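See structure below.
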Amino acid sequence: MKTETLIIGGGLSGLYAAYLLSRQERDFLLIEGRNRLGGRILSEALPSTAGSNTFTAFDLGPTWYWPDHQRMSRLLDELGIENFRQYTNGASRYEDPQRGVESFSNPGQMPPSFRVAGGMARLIDRLAEHIPTERLRLSNRAAGITLQGGHLEVAVRGAAGTEQNIRADRVLMALPPRLAMRSISLEPALPVPVHQALLAIPTWMAGHAKVVAVYDRPFWRDQGLSGHAFSHIGPAMEIHDASQPDGPAALFGFLGVPAQERRKIDPAAVRAAAIAQFERLFGPEAAQPTAIFLKDWIDDPLTATEDDLAPLYNHPEYGLPAAAQHLWDGRLIFCATEAASSYGGYLEGALVAAEAATGKPST
Ligand SMILES: Cc1cc2nc3c(=O)[nH]c(=O)nc-3n(C[C@H](O)[C@H](O)[C@H](O)COP(=O)(O)OP(=O)(O)OC[C@H]3O[C@@H](n4cnc5c(N)ncnc54)[C@H](O)[C@@H]3O)c2cc1C
């Protein structure tokens, strides 16, 4: 099999690159290792609504974009997807072992952030609708890439253990550089300093875990609470309102327990501790969620590697080192969000990187 551009990875960067190439009427193929598109974008529907037309789902990966993320705003508009502002009205909660639970107000301190109505995965679904299905191959994982004269041979493994080689003029590596270095062999090998530099790029949020509790109504708002909280007790360290505007209510939290420690804890115990924490912070109604979702990204081999166990305390300076910008005569191109020249790590960065890789004039 032959193609002009092979895209490895069907997260936002890979799918947006496919969308742009499709509009340019270029020849391409996208392979995705998972049996779903979206990568770190993952929205879980309630079992009762899954498959129905009123798609309401809760984000276990990214939730927000911000006013300066203009590519995101434009793309959502272009695809006809509604947004809404993160709910922040009312007081926040804080808890620590000494002082217990307290309320505080922080007017104007939280930057405004926006969410996608129905869940962030709607962006993925809508992008995919614009790409011919025969160009998207799920459950196909790249295992190795060989430079052979003027083209690349990519060894691809299918779900049933099938193996296939795809010949491409160029490859877009739309997966985190660190993950690529750990899981895809390159022949000839990259120079050691380039390999090491790519391996050193942390995969944004790969070491994090999210818990979402779903309720019939946003009862905390009746008490003048925004649903926002900080905790020094845990298991969640930062909590937000995750309700959909016209759907069920929800609270979500980022777990504060470091990834290494989480591996020793039974997920059922984490769920129970999160519900108990939401009850402490928001009252007795929080003890009765209609559903609870937990997603630990560190245990997902198509996002995280063992290198991502080390906690990240600040947002890294992303972007490719100069030596990794023109590999194999420009045939091997890194284009996940971590490779972006601006907004690296964010959804916006995934769009920046895909635009650069497909030659879309930057806007
Ligand atoms: C918990 C969490 C919260 C976040 N919150 C926010 C937020 O609020 N706002 C924000 O802007 N960003 C947030 N982010 C970051 C955001 O998710 C990423 O910026 C974005 O999704 C990255 O998209 P990507 O396509 O570059 O990479 P990915 O989504 O990681 O896509 C890579 C794809 O490659 C596939 N793949 C991997 N290996 C192979 C292989 N060998 N062969 C084929 N396919 C392969 C993967 O399955 C995946 O689909 C968050 C991330 C997480 C995990």
Side-chain angles (χ1 to χ4, degrees), residues 9 11-17 19-20 23 38-43 58-89 92 105-127 174 176-177 201-206 208 210 226-228 230 238-245 252 254 297 312-321 325 334-363:
L12 181 58
S13 60
L15 209 55
Y16 184 52
Y19 173 81
L20 295 174
R23 292 204 323 191
R40 277 170 275 179
I41 296 181
L42 174 64
S43 309
F58 298 94
D59 292 317
L60 299 175
T63 307
W64 302 297
Y65 64 100
W66 288 270
D68 60 325
H69 292 192
Q70 294 189 3
R71 289 172 188 79
M72 277 292 290
S73 294
R74 271 199 303 269
L75 184 59
L76 292 167
D77 279 354
E78 195 171 303
L79 296 170
I81 300 174
E82 313 78 46
N83 67 12
F84 64 99
R85 199 172 162 155
Q86 170 68 35
Y87 187 86
T88 53
N89 298 346
S92 299
S105 58
N106 54 356
Q109 281 181 14
M110 278 197 275
S113 52
F114 293 90
R115 292 174 51 199
V116 165
M120 194 58 80
R122 283 188 69 209
L123 172 56
I124 294 300
D125 294 344
R126 283 286 169 86
L127 279 173
I201 300 177
T203 302
W204 182 235
M205 300 298 284
H208 281 261
K210 243 178 159 179
S226 63
H228 173 242
F230 287 119
E238 188 186 320
I239 296 160
H240 298 270
D241 186 307
S243 310
Q244 286 291 336
F252 93 79
F254 291 108
W297 289 92
L312 274 182
Y313 295 108
N314 295 308
H315 196 105
E317 281 284 323
Y318 280 117
L320 284 179
Q325 286 181 12
F334 284 84
C335 74
T337 184
E338 284 78 11
S341 58
S342 59
Y343 298 101
Y346 296 107
L347 296 163
E348 180 78 0
L351 303 183
V352 170
E355 287 183 357
T358 55
K360 182 178 187 294
S362 95
T363 43

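Below, all heavy atoms of this structure are taken into account, side chains as well, without hydrogens, waters or symmetry copies. We number each residue from 1, following the sequence as shown. In this text, all values refer to a predicted model and were calculated from it rather than measured experimentally.
Between Y346 and H315, the two ring planes are parallel [angle under 30°; tilted spans 30° to 60°]. Ring planes of W64 and F252: tilted class, angle from 30 to 60°. The aromatic rings of H228 and H240 sit tilted relative to each other, their planes meeting at an angle between 30° and 60°.
Looking only at side-chain heavy atoms (C-beta outward), E78 and Y19 come within less than 4.5 Å of each other. Contact check for I201 versus P321: side-chain heavy atoms found under the 4.5 Å cut-off. Between I124 and L12, the closest side-chain pair of non-hydrogen atoms falls below 4.5 Å. Here the side chains of L127 and L75 are in contact, with some heavy-atom distance below 4.5 Å. Under the 4.5 Å side-chain criterion, counting only non-hydrogen atoms from C-beta, Q86 is not in contact with F114. Contact check for Y65 versus L76: side-chain heavy atoms found under the 4.5 Å cut-off. Two residues are said to be in side-chain contact when any heavy atoms from C-beta on lie closer than 4.5 Å; T203 and W297 fail this criterion. In this structure the side chain of S341 reaches within 4.5 angstrom of the side chain of V352, judged on heavy atoms.
The salt bridge (charged side-chain N to carboxylate O under 4.0 Å, His left out) search around R40 returns E338, not counting sequence neighbours. By the side chain to side chain contact (heavy atoms under 4.5 Å, CB included) test, Q70 is found to be paired with R74, residues two or more places apart in sequence or in another chain being considered. Contacts of E82 classified as salt bridge (charged side-chain N to carboxylate O under 4.0 Å, His left out), with partners at least two apart in sequence or in another chain: R122. Remark: Q244 pairs with no residue by the side-chain hydrogen bond (donor to acceptor under 3.5 Å, both in side chains) rule, at least two apart or across chains. Y87 is linked by a side chain to side chain contact (heavy atoms under 4.5 Å, CB included) to N89, R221, D241, counting only residues two or more places apart in sequence or in another chain.
In terms of heavy-atom proximity, R115 sits nearest to T63 at CG-O, 3.5 Å. For the pair K210 and L60, the tightest heavy-atom approach, listed with the atom from each and the gap, is CD-O, 3.4 Å. Nearest heavy atom pair, residue P176 against residue A336, reads N-CB, 3.9 Å. Between A354 and A17 the shortest heavy-atom distance is CB-N, 3.8 Å. Of all heavy-atom pairs spanning A339 and F334, the tightest one is CB-O, 3.4 Å. Contact record, M120 with M72: SD-CE, 4.2 Å, taken as the closest heavy-atom pair.
Proximity of a side-chain donor or acceptor of R85 to a complementary backbone N or O of P112 within less than 3.5 Å is not detected. The main-chain N or O of L351 is never found under 3.5 Å from a side-chain atom of R71 such that the two would form a donor-acceptor pair. Side chain of S13 to main chain of A350: no donor-acceptor pair is present (N/O by atom type, distance under 3.5 Å, no hydrogens or angles).
Every pair tested for salt bridge (charged side-chain N to carboxylate O under 4.0 Å, His left out) that includes a residue from residues 59-68 fails, sequence neighbours excluded, so the list is empty.
Here Y16 contributes atom OH and C335 contributes atom SG; the two are 12.0 Å apart, rounded to the nearest 0.5 Å. In this structure, I41 CD1 and L347 CG are separated by 5.0 Å, a value rounded to the nearest 0.5 Å. N83 CG to L123 CG: the interatomic distance, rounded to the nearest 0.5 Å, is 12.0 Å. One distance of note links CD of E348 with OG of S73; it measures 7.5 Å at 0.5 Å rounding.
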